[in-house]
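Order of the sequence lines fixes the chain letters, A, B, ..., with proteins taken first and strands second; residue numbering starts at 1 for each chain.
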Amino acid sequence: MVGDALAAAAAARYPGGAVAVTFEAPRRPEFGDFATNLAFALAQTARRAPQLVAGELIEAAREASPELARVLASIEPSGGFINLRLAPAIWQNAVAHILREGTAYGSAPSNGRRISLEFGSANPTGPLVVVQGRTLSLGGTLAAVMRARGYDVFVEWIINDTGSQLDTLGRSLYARYRQIENPDFPFPDDGYPGDYLLPIARSLYARDGSRWCDAPESEWLEIFARYARDELVAQQQRTVERFRVAYDLWQSERELHEAGKIREGIARLEERGLTYERDGATYFRSTAFGDDKDRVVRRSDGRPTYFALDVAYHYEKLKRADRVIDILGPDHHGYIGRLHGLAAALGFPGHLDVLISGQVGLMRGGEQVSMSKRAGHIVTLDEILDEVGVDAARFLFIVPTFESPLVFDMALAVEKSNDNPVYYVQYGHARIASVLRNAAAEASSDPSLAALIEPSELALARRLAEFPAVLEGIAEHRAPHRLARYARDVAADFHAFYTTCRILDAEPTRREARLALARATQIVLARALQLAGVSAPDAM
RNA sequence: GCGCCCGUAGCUCAGCUGGAUAGAGCGCUGCCCUCCGAAGGCAGAGGCCAGGGGUUCGAAUCCCUUCGGGCGCGCCA
């Protein structure tokens with residue numbers, strides 16, 4: 001409405017320079033609630049100073065639309081910007097709106113856009129480790145927020161259960177199995193160390209006894225590989241569930257093979273003329289799509305490569321979703337180019353987003369922990385969860401931006417202080433719950449909010465009003481870290497409000513209005529925490 | 001060598017598609033509970049946004065380049 005008035009004024013005064021009117025929130029609160037740089041854009045064609053243009057526009061808009069006075073507390077030119085401050089009634093209405101919407105506040109109706117979101121996807125050769133904790137947090141939060149904003153999100157995990165690593169896994173398990181009877185039985189050099197295969201070996205031994213001890217590898221290899229794979233995948237699924245992340249599909253690579261999907265994927269490339277033969281192998285001409293070298297999809301012995309799986313799986317996903325998002329670990333930078341090329345080659349240019357999460361280090365007892373998988377020094381995600389809890393882990397993993405490196409500090413994660421953002425936000429929620437308990441009286445169904453006029457009250461109300469836009473921004477920019485930041489900001493604004501405004505012993509109209517504001521804050525905090533996979537305690 | 005990511009306060013990091021005096025937490029200094037949860041709040045000190053060019057009314061943000069740090073570059077998965 002204000003934008004229209006300004007646009008009309010601009011069009012009337014400066015017909016030559018049609019410019020879109022956009023608003024943004026100024027960094028500094030004293031500049032008001034919103035600002036537009038309209039005058040800068042017009043100043044060029046008008047050949048006048050932006051400050052003058054801004055003043056004229058405001059005058060013109062005021063005259064043409066006197067009703068502006070109802071929604072605006074102020075509108076003034078400042079350094080060429082047009083700053084405006086909304087009337088308190090606008091923010092009071094925002095609070096009333098939140099109370100009416102309740103837990104649905106911030107959500108949007110279905111937009112019909114189908115999203116395929118893949119993350120996690122660790123090899124089925126060991127337990128989940130810290131890095132996966134980060135991708136799971138990022139992916140789980142992104143999925144939840146996108147769903148809230150009306151996207152039809154399908155969350156999936158690909159199980160890489162074919163190829164030589166499964167053989168290696170089978171041999172590793174076999175060695176552990178033999179070591180039960182013969183501790184000197186040699187462990188393969190390239191085997192998977194660590195002791196997580198021991199209980200699996202024992203359970204297999206309990207089932208089959210020593211019947212495989214004298215059998216040739218050709219007889220036991222597949223059995224052992226598959227047994228280990230099944231156990232480890234089940235373990236991973238338990239960890240993921242404990243971490244409060246839900247998958248719609250655990251896609252087995254083996255099943256894609258058996259269903260002939262790998263062949264279909266390669267055939268798709270062939271029929272589009274994007275492959276060639278060399279030295280008996282089939283190459284995908286990925287350099288035509290910006291990759292730095294062509295990729296082999298079928299070896300000279302006829303077996304498909306790992307990349308052929310990428311071809312097939314992405315083809316499947318691209319066919320059934322409007323948009324495919326891959327969240328990959330930090331050692332996959334080199335994949336971005338070829339995956340984008342792949343999407344284009346399959347006929348879906350620009351339909352694939354590849355997000356790479358940054359490195360994860362681990363700090364324990366003030367020291368950086370080495371996490372070489374080769375050396376068997378793995379710190380599992382379950383261990384982390386045992387020590388710091390799911391809440392702290394889920395939250396702390398989404399605090400940094402996607403690609404920036406993160407050092408996870410175990411000591412900080414359990415610290416109950418302002419250092420620890422999880423507790424700060426949860427404390428805010430618990431504090432509100434406590435106040436509401438003390439208020440005892442039932443909430444008025446239609447509280448009068450006109451008493452909300454203090455700066456800290458209006459600042460909080462305004463922050464709460466941002467929630468839907470914040471969620472939309474997270475979905476659009478795939479930026480889950482903003483949720484953590486926003487939750488912290490809400491808590492901070494509440495704490496500031498709480499210390500400057502007495503709630504329970506204020507006079508009745510104020511008390512009612514402030515209780516309503518507290519309830520609205522609680523709704524937003526609880527929802528933000530829920531989307532992040534973190535509990536919102538009423539007491540702590 | 002090529003590609004990708006990172007470089008912002010003493011530390012850990014925000015800064016959304018270019019906007020005003022670059023923000024937050026920690027740490028440091030000093031304040032605020034006879035009162036709803038002090039796991040809180042307020043104030044202060046602290047920055048050549050790695051360096052250098054360019055684009056424009058305007059750059060931490062976009063482009064080029066140099067220097068640092070990390071990762072990736074198999075008919076492995």
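Shown here are the ring-ring contact (aromatic ring centres under 6.0 Å, His included) partners of Phe289(A), two or more places apart in sequence or in another chain: there are none. Qualifying ring-ring contact (aromatic ring centres under 6.0 Å, His included) partners for Tyr427(A), counting only residues two or more places apart in sequence or in other chains: His495(A). The side-chain hydrogen bond (donor to acceptor under 3.5 Å, both in side chains) check on Gln235(A) picks up nothing, with sequence neighbours excluded. When the ring-ring contact (aromatic ring centres under 6.0 Å, His included) test is applied to Tyr283(A), the partners found at least two apart in sequence or on another chain are Tyr276(A).
Taking atom P in both G46(B) and G7(B), the straight-line distance is 25 Å, to the nearest Å. Taking the P atom of each, G68(B) and G51(B) are spaced 15 Å apart, rounded to whole Å. The P atoms of U8(B) and C48(B) are separated by 12 Å, rounded to the nearest whole Å. If you take atom P in C76(B) and the same atom in C62(B), they sit 39 Å apart, rounded to whole Å. For the P atoms, the distance from U12(B) to G70(B) is 15 Å, rounded to whole Å. Rounded to a whole angstrom, the distance from the P atom of C49(B) to that of A60(B) is 8 Å. A22(B) and G47(B) are spaced 8 Å apart, taking the C1' atom of each and rounding to whole Å. With both ends at atom P, the span from C31(B) to C36(B) equals 23 Å, rounded to whole Å.
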Short heteroatom pairs, N/O only, protein and nucleotides 54-62 of chain B, under 3.5 Å:
residue, atom, partner, partner atom, Å
C57(B), OP1, Gln44(A), OE1, 3.0

Under 3.5 Å, which N/O atoms of the protein pair with N/O atoms of nucleotides 31-38 of chain B?
residue, atom, partner, partner atom, Å
C35(B), O2', Arg502(A), NH2, 2.4
C35(B), O2, Arg502(A), NE, 3.4
C35(B), O2, Arg502(A), NH1, 3.1
C36(B), O3', Asn438(A), ND2, 3.2
C36(B), O2', Asn438(A), ND2, 2.6
C36(B), O2, Leu504(A), N, 2.8
C36(B), N3, Ile503(A), N, 3.0
C36(B), N4, Tyr498(A), O, 2.8
C36(B), N4, Cys501(A), O, 3.0
G37(B), OP1, Ser434(A), OG, 2.9
G37(B), OP1, Asn438(A), ND2, 2.9
G37(B), O2', Tyr427(A), OH, 2.6
G37(B), O2', Arg431(A), NE, 2.7
G37(B), N7, Ser434(A), OG, 2.8
A38(B), OP2, Arg431(A), NE, 3.4
A38(B), OP2, Arg431(A), NH2, 2.1

Which protein N or O atoms sit under 3.5 Å from an N or O of nucleotides 75-77 of chain B?
residue, atom, partner, partner atom, Å
C75(B), O3', Arg299(A), NE, 3.2
C75(B), O2, Ser300(A), N, 3.0
C75(B), O2, Ser300(A), OG, 3.0
C75(B), N3, Ser300(A), OG, 3.2
C75(B), N4, Asp279(A), O, 3.2
C76(B), OP2, Arg299(A), NE, 2.9
C76(B), O5', Arg299(A), NH2, 3.3
C76(B), O3', Arg299(A), NH2, 3.1
C76(B), O2', Ser164(A), OG, 3.3
A77(B), OP1, Arg299(A), NH2, 2.5
A77(B), OP2, Arg299(A), NH2, 2.6
A77(B), OP2, Tyr306(A), N, 3.4
A77(B), O3', Thr162(A), O, 3.0
A77(B), O3', Gln165(A), NE2, 3.3
A77(B), O2', Gln165(A), OE1, 2.7
A77(B), O2', Gln165(A), NE2, 2.4
A77(B), N6, Tyr335(A), OH, 2.6
A77(B), N1, Tyr335(A), OH, 2.2

Distances under 3.5 Å only, N/O to N/O: pair up the protein atoms with those of nucleotides 4-6 of chain B.
residue, atom, partner, partner atom, Å
C5(B), O3', Glu403(A), OE1, 3.2

Can you check nucleotides 9-11 of chain B for protein contacts, nitrogen or oxygen pairs under 3.5 Å, and list what you find?
none

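At a threshold of 4.5 Å between non-hydrogen side-chain atoms, the residues Ile327(A) and Arg134(A) do not count as touching. Side-chain contact between Phe467(A) and Leu471(A) is present, with heavy atoms from C-beta onward closer than 4.5 Å. Contact check for Asn160(A) versus Leu309(A): side-chain heavy atoms found under the 4.5 Å cut-off.
Residue Asn83(A) places a side-chain atom within donor-acceptor reach of the base of A20(B), judged by atom type and a 3.5 Å distance cut-off alone.
Within a heavy-atom distance below 4.0 Å of RNA chain B, the residues of residues 478-486 of chain A found are His481(A), Arg482(A), Arg485(A).
When Watson-Crick and G-U wobble pairs are counted only if both distances are under 3.5 Å, G1(B) pairs with C73(B). In this entry A39(B) has no Watson-Crick or G-U wobble partner, no candidate having both defining distances under 3.5 Å. Pairing partner, A24(B): U12(B), with both Watson-Crick or wobble hydrogen-bond distances short of 3.5 Å. Across every strand in view, U61(B) sits unpaired, with no contact that passes the Watson-Crick or G-U test at under 3.5 angstrom. In this structure G68(B) sits in a base pair with C6(B), meeting the Watson-Crick or G-U test at under 3.5 Å.
G19(B) has no stacking from Phe81(A) on its base ring, since the centres under 5.5 angstrom apart and planes within 30 degrees of parallel are not both found.
Between Arg298(A) and Glu270(A) a salt bridge is recorded (basic side-chain N to carboxylate O distance below 4.0 Å). A salt bridge between Arg278(A) and Asp294(A) is absent, with no side-chain N of the basic residue lying under 4.0 Å from a carboxylate O of the acidic one. Between Arg299(A) and Asp301(A) no salt bridge is recorded (no basic side-chain N to carboxylate O distance below 4.0 Å).
An OP1 or OP2 oxygen of G25(B) is reached within less than 4.0 angstrom by no side-chain nitrogen or oxygen of Tyr423(A).
Taking both residues in full, the closest heavy atoms of Thr521(A) and Val490(A) are given as CG2-CG1, 3.9 Å, listed atom of the first, atom of the second, then distance. Closest approach of Ala54(A) and Gly80(A) over heavy atoms only: CB-O, 3.9 Å. Val233(A) and Pro124(A) get closest at one heavy-atom pair: CG2-CB, 3.8 Å. Here the closest heavy-atom approach between residue Arg254(A) and residue Asp161(A) is recorded as N-OD1, 2.8 Å.
The closest side-chain donor-acceptor pair between Tyr313(A) and Glu156(A) falls under 3.5 angstrom. A side-chain donor-acceptor contact under 3.5 Å links Gln426(A) and Asp391(A).
As judged by a 4.0 angstrom heavy-atom cut-off over every strand, Thr168(A) is placed among residues making no nucleic acid contact.
A ring-ring contact (aromatic ring centres under 6.0 Å, His included) check over residues 388-416 of chain A, counting only residues at least two apart or in different chains, returns the pairs Phe397(A)-Phe408(A). The ring-ring contact (aromatic ring centres under 6.0 Å, His included) pairs that include a residue from residues 23-43 of chain A are Phe40(A)-Phe81(A), where partners are two or more places apart or lie in different chains.
When rounded to the nearest whole Å, the span between CD1 of Ile398(A) and P of A14(B) equals 13 Å.
C33(B) has its base syn relative to the sugar, with a glycosidic angle deviating from 0 by at most 90°.
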